[in-house]
Amino acid sequence: MSAVAAGSFSGAFRWAFARDLRLSWRHPGETMLMVAFFVLVASLFPLGVGAEPQLLQRIGPGVIWVCALLAAFLSLPALFAGDYADGTLEQMLLSPHPMSGWVSGKIAAHWMASGIPLTLLSPFLALQYGLDAGTLTILACALALGTPLLSLLGAACAALTLGARGAGMLLALLALPLFVPVLIFGAGAAEAQSSGLSPSPHLSLLGAGLIVGAMALPAAACVAIRIALD
Amino acid sequence: MNFFYFASPSTFYRLAGILAPWCFAVAAILGAAGLYVGLVQAPTDAQQGEVYRVIFIHVPAAWMSMFLYFVMACYGAMSLTFNTRLAAMMARALAPTGAMFTFVALWTGAFWGRPTWGAYWVWDARLTSELVLLFLYFGFIALGNAFEDPRRGDRAAALLALIGVVNLPIIYFSVLWWNTLHQGSSVSFKGTSMHVSMLTGMLLMAFAFWSYSIGTALARVRTIILERERRTRWVRAL
Amino acid sequence: MNALEARGLACSRGGIPLFRDVSFALTSGEWIAVRGQNGSGKTTLLRCASGLTRFDAGEVLWNGQDAGTGPIAFRAQLLYAGHAAGIKDDLTAMENLRDALALRAGAPTNEALRGALAQVGLDRHRHLPARRLSAGQRRRIGLARLALDPAMLWVLDEPLTALDDAGQTIFSDLLQRHLARGGLALVATHHEVAPAPARELRLVP
């Protein structure tokens, strides 16, 4: 790993990003479980609502989005909890580098280990639901734009619940309502495509949300971590 | 007496004790007047019949649900930036009232929706975002109570309130931005599209809810102050 | 010459006052032992001095400048080691040490890392994941960090817990060397440590 120059955002980012990726690489089980959960839940729907092709085509994008959202949510409680328990967060806060660098690096690593596998897998699930090639592509694009936003929102909420009683359930109560707009625009993009409308307004809104989120939410997570360590 | 005189919990405790009953009295009078104007004086709506009278509760409640969240977030911002104890307590005191008004808005909306739209609930943008608001209130209350140290809960909840504030413009403008089933606003600064007595009833109810909210918040903040300051000399002297 | 000074610190947790009017001053080459029974607020005092925990009253000065808000100039010189040492079970001793140093100052060479681990007696275990090390051996990773980190101010919370006699000697040597090069240390400990502290700070609940 390269040396970190004093007080640099990018150095902090790279440190946290590389370390978290290394940790999840060393224990690929968690990512595998998340992927398995994603596939499993998405496969339950046709069994529950009936395997009628037209129905599946219609609900496909929404179902895949909800499953991806829940799967991404599964790994959120562990995002900061480990570093909080073993004292790494204190060290990050007291290091000469900006806190937002560490936090952004961790969020990016979380997305690499959750959002990207889910996005890459989504076309296969879309085939199970009989979505056509155009819808399938748009669905993957929407996931590629939406899952980093889920990681950002989830990180802020996970930081808020550090050290709380019943942190897991509390995190669900905080994060899932905030995920709603991402779900609406993400699934909306694929639905618009499949019904012959342009998906670009939905994708643009997701992109705009991602830009705003990437600027504001790491800072919010930093404040929350500072509060948690106080 | 300086500006922060009432920012000390002990002074504010007494002030709130004096103001709260007055707020409740004003709320009762305005509420009675509002209901009279709304239910008796206002004419029957040409299209919707008597059902429309739900708006005298529904619209003010929906206004208050958003307004109280905004005020709560402002108190939260104040408590985070200036580290003031009282602002955090006020934010905590407002949350249950805000959640109640959100619930009332959704509930009355459902009873209006059934005869008008033929369904208690539709998944349009405004209803969904109002439901998200209800969960934000629940999250605020739950997060605030999830820590051993109440100050810690104050600050975490205040930050959540600030993150959730983006939801307010979404609720407010949802009927304009999206083609929703929920009808647009009938009251605006340019003028209204309704009968004067309807408007009067609605405004009376809004002010009644307003002063009820202030009253409950003050009454609740008194109990919070007592609980937090139970070890101090002035509380023991009470 | 560096100096750390605290004036009239007061802190309460959850509405219960922990300590009030705590003052101390520390200059290069000195260390202060913070003593007190369990629950007397030693950890909180160290966290206040490092800028982790907000205090209700008083101030912390680093070379005459306010350090309560944790400015970069202060953080660059501060090494804080709390109860939890920031050690990941899944990483080896070597990786943990490298990460801990890279997090603050920049990673030294592998030879330097190996040398420091050899100095604290972990040479043979440097490629074992930390989960397979004993509590004392994990503490020794922290000692190796003390050996390599260039920070001038150490704030250490019970650094001798779980260390055997040999480990305590290593710590004494490290502390001596740190003070000799003009370092400062604020250490909460129940043990007697070899270079005698310049002062003792006793917290009474």
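Labels below follow one simple rule: chain letters A, B, ... track the order of the sequence lines, proteins then strands, and each chain is numbered from 1.
Heavy-atom neighbours of B:Phe207 CZ from other residues, nucleotides or ligands within 6.0 Å: at or below the threshold of 12. Heavy atoms of other residues, nucleotides or ligands lying less than 6.0 angstrom from CD of A:Glu30 number 12 at most. With a 6.0 Å radius and a threshold of 12 heavy atoms from other residues, nucleotides or ligands, B:Met78 has its CE atom above the threshold. Other residues, nucleotides and ligands contribute at most 12 non-hydrogen atoms within 6.0 Å of the OH atom of B:Tyr212. Within 6.0 Å of OH on B:Tyr75 lie no more than 12 heavy atoms contributed by other residues, nucleotides or ligands.
Looking at A:Leu160, the atoms closer than 4.5 Å to chain B (heavy atoms on both sides) sit in the backbone and in the side chain alike. Contact annotation for B:Leu80: only side-chain heavy atoms (C-beta onward) come within less than 4.5 Å of a heavy atom of chain A. For a residue to count as touching a neighbouring chain, one of its non-hydrogen atoms must lie under 4.5 Å from one of that chain's; by this rule B:Leu136 touches chain A with the side chain only. Looking at A:Val223, both its backbone and its side chain come within 4.5 Å of chain B, counting heavy atoms on both sides. Heavy atoms closer than 4.5 Å to chain B are found nowhere in A:Ala216, neither backbone nor side chain. When heavy atoms are compared at a cutoff of 4.5 Å, A:Ile227 approaches chain B by way of both its backbone and its side chain. Only the side chain of B:Ile163 comes within contact range of chain A, with at least one heavy atom under 4.5 Å from a heavy atom of that chain. Neither the backbone nor the side chain of B:Asn167 has a heavy atom closer than 4.5 Å to any heavy atom of chain A.
Note on B:Leu134, B:Leu159, B:Val132, B:Asp149: by heavy-atom pairs under 4.5 Å with chain A, the leading option is B:Leu159. Top candidate by heavy-atom pairs under 4.5 Å with chain A, chosen from B:Phe135, B:Phe138, B:Phe147, is B:Phe147. Ranked by heavy-atom pairs shorter than 4.5 Å toward chain A, the options B:Arg151, B:Arg155, B:Glu148 are led by B:Arg155.
Between the CH2 atom in B:Trp121 and the OG1 atom in B:Thr128 there is a gap of 6.0 Å [rounded to 0.5 Å].
Under the ring pair (Phe, Tyr, Trp, His ring centres under 6.0 Å) rule, B:Trp112 has a single partner from B:Trp107, B:Phe56, B:Trp117, which is B:Trp117.
Under the 4.5 Å side-chain criterion, counting only non-hydrogen atoms from C-beta, B:Thr11 is not in contact with B:Leu15.
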